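Just so you know, these numbers come straight off a predicted model, no measurement behind them.
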Amino acid sequence: MNTIFYAEYDAAHHSQFVFDIPEGHDCWLLVVTQTPALFWVDGKLQPYPSHCAVLYAPHQKIYYCACAEQYVNDWIRFDTDELYVTDTSLPLGKPFPLDDPEYCRKLFQLLVAEHSLQKDYRESSIDYLLRTLFNKLLESCDQENIGPQHYPLMKLRTAIHNHPSHPWTVAAMAKTLNISPGYLQSIYKKSFGVSCMDDVIHSRIRLAKEYLGHHRHTVVEIADRCGYRNVEHFCRQFKQITGVSPKQFKEHRPDRSL
């Protein structure tokens with residue numbers, strides 16, 4: 001069971017902000033930074049960049065402070081007997097970079113909402129949200145080399161997946177990140193294991209399968225809705241990825257895992 005004592009997102013503080021609890025809380029504290037900050041780690045004050053998370057166990061020393069004109073964070077103070085927290089492999093009292101800070105921020109917003117509202121399924125909703133948040137934290141700990149370009153790349157990939165029909169080109173994508181097309185292709189594949197244009201293609205084919213399986217549009221209409229201006233090109237790419245033509249897929253509706 002989880003008990004949230006307080007949760008807040010987008011908490012803004014001035015440049016002189018200091019949070020100093022030498023003996024720690026008698027409960028758990030999770031902090032996610034949106035701006036750079038200084039944290040007491042291994043006996044000294046150390047700087048950490050934006051988009052870091054740090055989990056403090058009960059009675060663990062807590063000290064962090066602003067290191068710029070403003071310090072902004074999301075945080076939750078809570079008690080729990082759930083093993084995904086009490087037996088977590090996350091480092092305690094040591095910040096680590098987040099793989100997807102926007103996702104975590106949305107979870108914080110939902111946690112604040114659930115904590116504030118007295119709904120029938122409040123406890124189970126809070127548990128599911130906390131479990132998901134801790135899963136995302138564990139994923140972040142397993143991630144290596146989260147560099148300065150990681151977050152713009154995450155935003156780009158989210159845009160690709162949400163809008164596959166957009167007329168994406170490597171040159172245009174690189175321009176939004178203010179980097180060269182060649183460098184974009186290199187760091188994109190290193191970060192996600194797939195090239196940016198292959199990501200576009202797979203996102204389009206995934207959308208096409210949805211249309212083919214559950215809508216009455218013609219193949220020509222679906223090709224256009226998925227960002228293809230040439231239906232033959234669409235059919236060729238579809239078959240390369242799924243092993244069947246769009247027409248065969250529409251007629252037989254094979255397993256969606258294709």
Q: With the side chain counted from C-beta on, respond yes when Cys52 and Val32 share a heavy-atom pair under 4.5 Å apart, and no when they do not.
A: no
Q: Would you check if the side chain of His14 reaches a backbone N or O of Gln16 as a donor-acceptor pair within less than 3.5 Å?
A: yes
Q: Taking Lys155 for its side chain and His150 for its backbone only, find out whether a donor-acceptor pair lies under 3.5 Å.
A: no
Q: Check for a donor-acceptor pair, side chain of Ser186 on one end and backbone N or O of Gly182 on the other, with a separation under 3.5 Å.
A: no
Q.
When you compare the side chain of Pro164 with that of Cys226, does any pair of heavy atoms fall below 4.5 Å?
A. no
Q) So do Leu153 and Cys196 actually touch side chain to side chain, heavy atoms under 4.5 Å? A) no
Q.
Apply side-chain hydrogen bond (donor to acceptor under 3.5 Å, both in side chains) to residues Asp74 and Gln34 and explain how you reach the verdict.
A. CA-CA 8 Å; Asp74 309 319; Gln34 294 187 35; 3.0 Å; yes
Q) Shared ILVMFWY cluster between Ile4 and Leu133, side chains joined below 4.5 angstrom? A) yes
Q | Pair Tyr9, Asn73: side-chain N/O donor-acceptor within cut-off below 3.5 Å | A | no
Q: Verify, without hydrogens or angle tests, whether Lys175 (side chain) and Pro181 (backbone) share a donor-acceptor contact under 3.5 angstrom.
A: no
Q) Do the non-hydrogen side-chain atoms of His13 and Val72 ever get within less than 4.5 Å of each other? A) no
(Q) Taking the side chain as everything from C-beta on, heavy atoms only, tell me whether Leu55 gets closer than 4.5 Å to Trp28. (A) yes
Q: Answer yes when Arg105 and Asp10 have at least one side-chain N-carboxylate O distance shorter than 4.0 Å, and no when they do not.
A: yes
Q. Could you go step by step and tell me if Trp168 and Ile201 meet the side-chain contact (heavy atoms from CB on, under 4.5 Å) rule?
A. CA-CA 10 Å; Trp168 298 102; Ile201 292 168; over 6 Å; no
Q.
Tell me if a side-chain donor or acceptor on Gln237 pairs with a main-chain N or O of Phe234 at a distance below 3.5 Å.
A. no
Q: Check whether any side-chain N or O of Ser245 sits under 3.5 Å from a backbone N or O of Lys239 as a donor-acceptor pair, and report yes or no.
A: no
Q. Should we count OH of Tyr6 as having more than 12 external heavy atoms under 6.0 Å?
A. no
Q.
Has His202 got a side-chain atom pairing as donor or acceptor with Asp198's backbone, closer than 3.5 angstrom?
A. yes
(Q) Less than 3.5 Å apart, any donor N or O on the side chain of Thr3 or Asp79 sitting next to an acceptor on the other? (A) no
Q: If the plane angle is over 60° it's perpendicular, under 30° parallel, otherwise tilted; pick one for Phe19 and Phe17.
A: parallel
Q) With side chains defined as the heavy atoms from C-beta onward, is the minimum distance between Met1 and Glu123 less than 4.5 Å? A) yes
Q. Is any side-chain N of the basic residue among Asp99 and Lys136 closer than 4.0 Å to the acidic one's carboxylate O?
A. no
(Q) Once ring pair (Phe, Tyr, Trp, His ring centres under 6.0 Å) is applied, do any residues pair with His233, and if so which ones, sequence neighbours excluded? (A) Tyr228
Q) What residues form a salt bridge (Lys or Arg N to Asp or Glu O under 4.0 Å) with Arg131, not counting sequence neighbours? A) Glu82, Asp127
(Q) Using the ring-ring contact (aromatic ring centres under 6.0 Å, His included) definition, which of the options Tyr63, Tyr71, Tyr64 pairs with Phe39? (A) Tyr64
Q | Of Pro95, Pro36, Pro101, the residue whose pairing with His51 passes side-chain contact (heavy atoms from CB on, under 4.5 Å) | A | Pro101
Q. Mind checking what makes side chain to side chain contact (heavy atoms under 4.5 Å, CB included) contact with Tyr128, not counting sequence neighbours?
A. Ser124
Q. Does any N or O in the side chain of Arg122 come within less than 3.5 Å of the main-chain N or O of Glu114, such that one atom is a donor and the other an acceptor?
A. yes
Q) Is there a path from Ile179 to Leu156 through hydrophobic residues (I, L, V, M, F, W, Y) whose side chains come within less than 4.5 Å of each other? A) yes
Q | Hydrophobic cluster membership, Val54 vs Leu92, 4.5 Å side-chain cutoff | A | no
**Q.** Residues Leu212, Phe238; criterion side-chain contact (heavy atoms from CB on, under 4.5 Å); working and verdict
**A.** CA-CA 11 Å; Leu212 288 164; Phe238 190 94; 3.5 Å; yes
Q.
Using the salt bridge (Lys or Arg N to Asp or Glu O under 4.0 Å) criterion, which residues pair with Asp100? Sequence neighbours excluded.
A. none
Q. In the single-linkage hydrophobic clustering (I, L, V, M, F, W, Y; side-chain heavy atoms under 4.5 Å), do Val18 and Val31 co-cluster?
A. no
Q.
Please enumerate all residues that pass salt bridge (Lys or Arg N to Asp or Glu O under 4.0 Å) together with Glu8, with sequence neighbours excluded.
A. none
Q: Go through the structure and list residues passing salt bridge (Lys or Arg N to Asp or Glu O under 4.0 Å) with Arg216, not counting sequence neighbours.
A: none
Q: Begin with the C-alpha distance, continue with both residues' side-chain angles, and end with the deciding distance and a verdict on side-chain contact (heavy atoms from CB on, under 4.5 Å) for Arg157 and His161.
A: CA-CA 6 Å; Arg157 194 177 201 204; His161 289 181; 3.7 Å; yes
